[in-house]
Amino acid sequence: MSFPLLTATAAIPAIGAIATAAVPAARRTFAKWLALLFSLATLVLAGIALARFEPGGSRFQLTESHAWIKDFGVRYELGVDGIGVALMALTALLMPFIILAAWHDADPSPSSQLRSSRGGPNENKPYRWRPTQGFFALMLMTEAMVILSFEATDVFLFYILFEAMLIPMYFLIGGFGDRATSSGAAAAAGGDENAASQRSYAAVKFLLYNLVGGLIMLAAVIGLYTVAGTFSLSEIAEARANGTFSMATSTERWLFLGFFFAFAVKAPLWPLHTWLPNAMGEATSPVAVLITAVVDKVGTFAMLRFCLQLFPEASKWATPVILVLALISIVYGALLAVGQRDIKRLIAYASISHFGFIVLGIFAMTSQGQSGATLYMVNHGISTAALMLVAGFLISRRGSRLIADYGGVQKVAPILAGTFLIGGLATLSLPGLAPFVSEFLVLVGVFSAYPVIGIIATTGIVLAAIYVLVLYQRTMTGPVKAEVQGMADLKVRELVVVVPLIALLIFLGVYPKPLTEIVNPAVQHTLSDVQKKDPQPQVEAVK
């Protein structure tokens, strides 16, 4: 029996979550190091899985299959294709940086410690000590569920993970929100109460949106079992290929809509996106990265793995409407990002625009579009992590998320400003940085099949340049504001977080071949599922 590498890759962070949560309350620093150690161990296993994956081999590799609930045909089935192994590696790669960036996010605030020790007018008011152990345990548990969801090839197992990851994320958003303010009035009076109320609202909205999507998906999962008699993705795909299984057209379309709705909420796709700006705005910056760079990728990944593979005809039927929704997400998200006053909400709306590009590439049904969409998932995760984490370091120094509260930062903290600029330039897909390759491939794939949609989608590039450069100009250039005068530059821990991410953005921007070699064979399999071929170029011969 071979070593269950995929199970181990997901089990290590789950074990780490339990071990971190069990650390005594007084040993917060040890809990942090323990969480970091388990995240690094997960990264090592994910690296081994990536190294053992053979791009030219079978579609699903490193497979595992065990009976789970025999009466209902539910199995513990795992396997990764090129898309799944790339996203699993991305998750494992980002987690140590997220933990390092969040090193002090769950520590008790100095003002609260002082009030607790000295007493005062609010001395009888219960003070909520942030349980550091719980904070990092929830992060590791989320990592375990996300990794396992990228590996699951049993539909029911995937559904369980799809829903279960909402629980730790709910507590990370609602229980460990950002201490910085987005309103001067909130900071002046009643700041703690207002901030707690906003965090609670954001967490509940996140949970409700995703629960509704999950419940609709549950109905579709039950419907799929009713018509297929199994939850196994490989068995259903094999039966389709052999001609021994088919669905009625109306049944396939309804089931597709049930799955797609849940994935569109998670992605998020317009008009199901409104939970994301609230969640990212109120969460700490590392948790915001966990949301948009890691958890949300499950939605777009599932569109490729489940929607297109299980319901190929319905996917083609719904393509025109989905392309329009993706196009609206691109333009709408970018326009709202241009008008934002809050740094973190600006990045959230930019991510909505980027997810529009990902969905556009998936449903363009071309090899360039789907390869670009998969690369976009990876590159967006790295670029958003770099930009949001640097923004978090900036916000923690000033205590405000408002763009207007900054100015002249590059004169007092040049390294912080420089890394912020590189993260921003990656977000607008500057040539030479990783997101450019993925965005270019998406647009090429869309242009070849839907020229008009491709032309309109390019407006997202122009708007991205506006909101990124204006953000940098307003925060980093100009006269140095008095509140920014003594701002410290990036420290060693913060440089350890940011520099590798920037180096990776540059490397993959110049040499994306390691990723494309892994992803392209999986894309070809997906296109064969929907029986699609790339459009042939229309070139007239020169007379």
Side-chain angles (χ1 to χ4, degrees), residues 83-84 86-88 90-91 94 142-143 145-152 155 157-166 168-170 173 205-218 220-221 233 255-277 279-280 288-311 315 318 321-323 325-326 328-330 333 348-363 370 373-381 384 438 442 526:
I83 300 169
L87 292 175
M88 180 183 72
L90 170 70
T91 303
L94 291 180
T142 302
E143 179 187 19
M145 292 177 181
V146 170
I147 287 176
L148 204 54
S149 69
F150 290 140
E151 300 170 347
V155 178
L157 174 61
F158 175 83
Y159 170 76
I160 294 296
L161 297 165
F162 188 82
E163 290 289 87
M165 68 179 70
L166 300 180
M169 288 307 304
Y170 170 79
I173 297 168
K205 189 173 184 179
F206 161 82
L207 188 63
L208 288 179
Y209 267 66
N210 284 275
L211 278 178
V212 170
L215 288 173
I216 293 174
M217 181 182 169
L218 176 60
V221 169
L233 183 65
L255 293 179
F256 168 85
L257 290 174
F259 276 78
F260 180 79
F261 183 87
F263 302 153
V265 172
K266 183 83 77 179
L269 186 69
W270 184 92
L272 305 172
H273 67 284
T274 59
W275 63 267
L276 183 65
M280 287 185 65
V289 171
L290 190 60
I291 295 170
T292 191
V294 176
V295 173
D296 287 354
K297 298 300 186 300
V298 176
T300 47
F301 162 79
M303 291 178 190
L304 278 165
R305 170 163 287 188
F306 295 103
C307 285
L308 270 60
Q309 191 169 347
L310 291 173
F311 317 108
S315 298
V321 175
I322 294 172
L323 291 178
L325 295 179
I328 294 173
S329 290
I330 292 170
Y349 280 111
S351 290
I352 291 170
S353 182
H354 295 149
F355 276 105
F357 274 108
I358 294 171
V359 176
L360 195 68
I362 292 172
F363 283 89
Q370 291 193 355
T374 305
L375 291 179
Y376 216 130
M377 286 188 251
V378 176
N379 294 333
H380 171 264
T384 299
S438 44
V442 167
T526 303

Between [Y] and [X], is there a side-chain heavy-atom distance shorter than 4.5 Å?
X      : Y      : value
Glu163 : Leu211 : yes
Val378 : Ser438 : no
Leu308 : Phe363 : yes
Asp296 : Ile291 : yes
Met217 : Phe261 : no

[atom2] on [Y] to [atom1] on [X], rounded to 0.5 Å:
X      : Y      : atom1 : atom2 : answer
Leu90  : His380 : CG    : NE2   : 10.5 Å
Met280 : Leu290 : CE    : CG    : 11.0 Å
Ile322 : Ile362 : CD1   : CD1   : 9.5 Å
Leu161 : Glu151 : CG    : CD    : 9.5 Å
Ile83  : Thr374 : CD1   : OG1   : 4.0 Å
Leu323 : Ile328 : CG    : CD1   : 11.5 Å

Under 3.5 Å: donor-acceptor pair, side chain of [X], backbone of [Y]:
X      : Y      : value
Lys297 : Thr292 : yes
Ser329 : Trp270 : yes
Arg305 : Ala152 : yes
Thr300 : Ala267 : no
Ser353 : Tyr349 : no

(request) Using ring-ring contact (aromatic ring centres under 6.0 Å, His included) as the criterion, point out the one residue from Phe162, Phe150, Phe355, Tyr376 that pairs with Phe301. (result)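 Only one of Phe162, Phe150, Phe355, Tyr376 forms a ring-ring contact (aromatic ring centres under 6.0 Å, His included) with Phe301, namely Phe150.
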
If you compare all heavy atoms of [X] against all heavy atoms of [Y], which two are closest, and at what distance to 0.1 Å?
X      : Y      : answer
Ile330 : Gly356 : CG1-C, 3.6 Å
Cys307 : Ser315 : O-OG, 3.0 Å
Pro268 : Leu276 : CG-CD2, 3.7 Å
Ala262 : Gly213 : CB-O, 3.1 Å
Pro277 : Ala348 : CA-CB, 3.8 Å
Leu94  : Gly381 : CD1-O, 3.8 Å

(message) One pair to check against side-chain contact (heavy atoms from CB on, under 4.5 Å): Val265 and Ile216. What are the steps and the verdict?
(response) CA-CA 11 Å; Val265 172; Ile216 293 174; over 6 Å; no

(request) Tell me, with the steps shown, if Thr142 and Val294 meet side-chain contact (heavy atoms from CB on, under 4.5 Å). (result) CA-CA 9 Å; Thr142 302; Val294 176; 5.8 Å; no

(message) Run Met145 and Val295 through side-chain contact (heavy atoms from CB on, under 4.5 Å) and show every step you take.
(response) CA-CA 9 Å; Met145 292 177 181; Val295 173; over 6 Å; no

(request) Describe, in one word, how the ring planes of Phe311 and Phe259 are oriented to each other, choosing from parallel (under 30°), tilted (30 to 60°) and perpendicular (over 60°). (result)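 Answer is tilted, since the angle falls between 30° and 60°.
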
(message) In terms of relative ring orientation, are Phe263 and Phe158 parallel, tilted or perpendicular, with 30° and 60° separating the classes?
(response)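 It falls in the perpendicular class, over 60°.
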
(request) Test Met165 against Val298 for side-chain contact (heavy atoms from CB on, under 4.5 Å), laying out the working first. (result) CA-CA 10 Å; Met165 68 179 70; Val298 176; 4.1 Å; yes

